[in-house]
Structure formats: structure tokens, C-alpha cells
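The chains referred to below are lettered A, B, ... by the order of the sequence lines, with proteins before strands, and numbering in each begins at 1.
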Protein chains: 2
Amino acid sequence: MTNPEKSPVPPAVIDDSTLRLFIGYHMKRAFNVVQADLTQTLKPFDLRMLTYTALVLVVDNPGLSQSQLADAMGIERPNLVVILDELEHRELIVRDRAPTDRRAYALKATLAGRRLYDKAVAAVITHENRLLASIDDATRSILIKALSEVREHQTT
Amino acid sequence: MTNPEKSPVPPAVIDDSTLRLFIGYHMKRAFNVVQADLTQTLKPFDLRMLTYTALVLVVDNPGLSQSQLADAMGIERPNLVVILDELEHRELIVRDRAPTDRRAYALKATLAGRRLYDKAVAAVITHENRLLASIDDATRSILIKALSEVREHQTT
DNA sequence: TATTGTTATACTCTATAACTATA
DNA sequence: TATAGTTATAGAGTATAACAATA
């Protein structure tokens with residue numbers, strides 16, 4: 001729990017009795033580690049977590065609109081624009097016009113986008129398995145299920 | 001792997017088959033919900049997640065140095081300075097000089113700081129219990145333990 | 001009127017380099 | 001020389017308001 005040999009100033013034995021009841025702290029710290037690992041994993045593909053997530057969702061859900069994608073990613077529509085601009089300029093996705101609604105786009109991945117997706121997803125799976133090595137499959141299921149339930153709680 | 005063609009633009013049934021293997025996505029979405037709730041909960045106390053976390057750690061670990069606190073919070077030292085400036089200006093904490101090392105500070109909470117801590121912690125516990133209502137105690141323990149293990153994996 | 005995508009903008013959080021004063 | 005705290009700064013990520021085109 002603590003970090004023994006380290007600094008000259010007191011060893012710092014952190015009393016996290018209160019933090020035990022503070023789930024946001026644990027989620028933030030764990031997410032930081034996951035994101036740091038993810039950033040390194042995605043660097044060879046020139047992707048960040050946001051561009052990777054957008055690419056994955058577009059490949060798996062062709063025809064998605066920007067509003068739907070922003071909603072799936074949990075970000076506001078304006079913030080998605082630059083993310084998709086980047087993917088489009090790199091010719092990984094295209095913004096087709098939606099046939100039924102001329103206001104909306106139908107997002108689709110290009111062949112290059114699907115190829116990058118295949119390689120990046122494989123790398124991410126490998127790295128995440130290493131990151132979660134100490135956590136057995138049953139616990140991983142519980143973890144993901146619990147996180148999903150928290151997300152769906154969505155109080156506002 | 002992909003999705004059958006469905007509604008033109010509307011309801012959006014997201015295929016998250018790939019995301020299921022992408023723990024960072026679930027952690028980010030869940031953390032967003034927790035932080036949004038936390039932000040609202042702390043607003044009456046004029047605290048943000050970072051100032052709240054710093055206050056909690058200082059109250060529970062009096063005499064902590066800024067380096068130790070930054071380490072415990074998972075942020076860099078420079079970013080902690082403004083956080084502590086704010087808490088100090090509000091007279092919730094003090095920066096005493098460490099007796100053994102004149103470079104370092106020994107951080108301590110004031111009486112006002114401990115009083116705000118009491119009220120804020122109570123509010124946070126109440127709100128988190130509501131947020132985690134659908135998750136039983138055993139699962140909560142597994143969740144926190146799994147998150148801690150991920151944090152301690154710390155690749156870099 | 002309402003919605004899609006867009007621009008502009010501001011705020012928070014984060015990371016790095018370089019400085020000072022101590023060690 | 002190394003460490004503690006600080007300053008300055010730049011980069012992400014996020015949120016809101018307002019607009020044009022379309023519904």
C-alpha cells in the first residue's frame with residue numbers, strides 16, 4: 001500500500017482510511033495507469049485514446065452519426081469534430097451523407113481504417129492482458145460489470 | 001464483428017464487442033459519472049475533486065510533505081502548488097516548516113479545515129452510497145481491490 | 001421549433017523545464 | 001550533486017453558447 005524506501009523526509013505511510021470510502025480516488029488512480037499504458041501502446045499507430053475509441057466505434061458500428069458517436073464516447077458534440085477531422089484527414093474514416101437526413105453524416109471506416117483497427121486492437125488486447133495479469137477472469141467480469149453499472153447510473 | 005444494418009440515424013444500438021476488451025473505456029465512462037456526481041456534491045463546500053483529495057490526505061496524514069502528497073495523489077509537484085495555495089488562502093491548511101529538512105513543508109489542517117473535512121466527507125459518503133446502490137458490499141470490495149491492483153501495476 | 005454539425009472560447013487538469021534554497 | 005518547492009508554460013480534454021443548414 002505504501003512506498004517504503006524513497007525520500008529523506010518521513011517515509012510517508014499514507015493512511016487511506018477515508019479514501020477507502022472514496023471510490024473516485026481509486027478509479028482515477030487506476031485509470032491514470034491504464035491510460036498511461038494505453039498511450040504508449042497506441043503511440044506506434046499514431047493514435048490517442050480518443051481517436052482510438054472513435055475508430056473502434058466507427059468500425060464496429062458503420063453508419064453511425066456524429067451525435068450518436070459523441071454520446072457513445074461520453075463527450076460533447078463539439079469535441080468530437082476535431083477528433084473526426086484528424087481521422088478523416090488520415091483517410092481512416094469517411095463522412096458520408098446520411099441518406100435519410102441531410103443534416104447528419106454516416107460515419108464509415110475506410111480499408112486503411114479497418115487495417116489500422118486490426119493492428120491497434122490486437123496491441124491493446126495484448127497490453128491490457130499484461131496490465132490485468134494479476135486479476136483473474138471472474139474478477140475482470142465483475143469489474144467491468146460494476147463499472148458499467150456505475151456508468152449507467154448517470155444521475156446528472 | 002460488425003453490425004447488421006439498422007435504423008437510418010436514430011436510437012443507435014452500439015455494438016461494443018471490441019470495447020468489452022478495452023477496460024480503459026469502461027473506466028473512463030464510469031469515472032466520468034463518479035466525478036460529475038462528486039463535483040455536484042462538493043460544490044456547496046467550494047471544493048473540487050483535487051482540493052477535496054488534498055484536504056482529506058492532509059487531515060488523515062498530518063505532517064505530510066508536498067512531494068509525498070503529490071505522489072499520493074498521482075500528480076506532479078508543480079500541479080499541487082496552486083491546489084495548496086487555494087487551501088492555504090482559505091485557511092483550511094497550513095504550510096509549517098519541516099523540523100528536519102528546511103526545504104520541505106509539513107502540511108497540516110487547521111481547525112476550519114478539519115471541520116470542512118467532516119462535513120464534506122459525510123456528504124461524499126452519502127452520495128457515493130447512492131451512486132453505488134446497485135452494487136453490493138462484496139462486489140464493492142472486489143471493485144476497489146481490483147482498481148488498487150491496477151494502480152499498483154504502474155508500468156513506467 | 002428542434003436537431004446536426006460546426007466555430008469560438010474558456011476552464012480544468014496535466015506534464016516538462018528551469019529556477020531557488022536547501023541538503 | 002540531488003531534492004523540495006516554485007514559476008512559467010504548453011498541451012490535452014472538456015463544456016457552453018451561438019450559428020447555418022436541415023428537419
Side-chain angles (χ1 to χ4, degrees), chain A residues 5-10 12 24-25 28-29 31-33 35-36 38-40 42-43 47-54 63-71 73-88 93-107 156, chain B residues 8-12 24-25 27-29 31-33 35-36 38-40 42-43 46-54 63-71 73-88 93-107 156:
Chain A
E5 68 289 302
K6 188 84 196 283
S7 64
V9 186
Y25 173 81
K28 184 182 183 184
R29 296 301 307 268
F31 175 64
N32 279 353
V33 171
Q35 195 181 28
L38 195 58
T39 299
Q40 287 306 114
L42 293 175
K43 187 166 282 179
L47 291 169
R48 290 163 294 138
M49 179 165 175
L50 284 169
T51 49
Y52 173 76
T53 306
L64 208 63
S65 75
Q66 292 191 192
S67 288
Q68 292 168 337
L69 179 54
D71 190 58
M73 292 175 67
I75 63 176
E76 297 301 314
R77 272 70 73 212
N79 298 323
L80 183 61
V81 175
V82 288
I83 295 168
L84 295 182
D85 283 350
E86 185 179 328
L87 293 177
E88 191 181 37
I93 65 157
V94 290
R95 286 195 246 225
D96 283 352
R97 275 290 164 195
T100 60
D101 187 338
R102 298 208 329 257
R103 292 172 304 182
Y105 288 123
L107 302 171
T156 52
Chain B
V9 173
Y25 172 82
M27 292 187 40
K28 184 183 184 184
R29 297 299 307 267
F31 175 64
N32 280 353
V33 171
Q35 195 181 28
L38 194 58
T39 300
Q40 286 306 114
L42 293 175
K43 187 166 282 181
D46 224 331
L47 291 169
R48 290 162 293 139
M49 179 165 174
L50 284 169
T51 50
Y52 173 75
T53 306
L64 208 64
S65 74
Q66 294 190 189
S67 288
Q68 292 168 336
L69 179 55
D71 190 58
M73 292 176 66
I75 63 177
E76 297 301 316
R77 273 69 74 213
N79 298 322
L80 183 60
V81 175
V82 287
I83 294 169
L84 295 182
D85 283 349
E86 184 179 329
L87 293 177
E88 192 181 37
I93 65 157
V94 290
R95 286 194 246 224
D96 283 353
R97 275 290 165 195
T100 59
D101 187 338
R102 297 207 329 256
R103 294 172 302 182
Y105 287 124
L107 302 172
T156 51

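- A:Leu50 places none of its side-chain heavy atoms less than 4.5 Å from the side chain of A:Asn79.
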Worksheet entry | Check against side chain to side chain contact (heavy atoms under 4.5 Å, CB included), B:Arg95 and B:Leu107 | CA-CA 5 Å; B:Arg95 286 194 246 224; B:Leu107 302 172; 3.7 Å; yes
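- For the pair B:Arg48 and C:dC13, the criterion of a side-chain N or O lying under 4.0 Å from OP1 or OP2 is met.
- In this structure, A:Arg77 and A:Met49 both approach DNA chain D, and ranking their closest nucleotides by distance from the 5' end singles out A:Met49.
- Under 3.5 Å, the side chain of A:Arg102 and the base of D:dT22 form no donor-acceptor pair of N or O atoms.
- Following rounding to the nearest Å, B:Glu76 (CD) and D:dA12 (P) show an atom-to-atom distance of 17 Å.
- Taking atom CG of residue B:Leu38 and atom C1' of nucleotide C:dC13, one finds them 15 Å apart after rounding to whole Å.
- In this structure, A:Val82 and B:Val81 both approach DNA chain D, and ranking their closest nucleotides by distance from the 5' end singles out B:Val81.
- Under 3.5 Å, the side chain of B:Asn79 and the base of C:dA15 form at least one donor-acceptor pair of N or O atoms.
- Between B:Glu86 atom CD and C:dC11 atom P the separation is 15 Å, expressed in whole Å.
- Remark: C1' of C:dT22 and CZ of B:Arg97 are 9 Å apart, rounded to the nearest angstrom.
- Taking 4.0 angstrom as the limit, A:Arg95 places a side-chain polar atom (N or O) nearer than this to OP1 or OP2 of C:dT6.
- Residue contacts shown for B:Leu50 are limited to sugar-phosphate atoms, with no base heavy atom under 4.0 Å away.
- Atoms CE and CE, from B:Met49 and B:Met73 in turn, are 8.0 Å apart once rounded to the nearest 0.5 Å.
- Residue A:Leu80 contributes atom CG, which lies 14 Å from atom C1' of D:dA15 at whole-angstrom precision.
- Side chain of A:Arg103, nearest nucleotide from C:dT4, C:dA17, C:dT14: C:dT4.
- For the pair B:Gln66 and D:dT3, the criterion of a side-chain N or O lying under 4.0 Å from OP1 or OP2 is not met.
- Contact annotation: B:Ser67 reaches the phosphate of D:dG5 (side-chain N/O to OP1 or OP2, under 4.0 Å).
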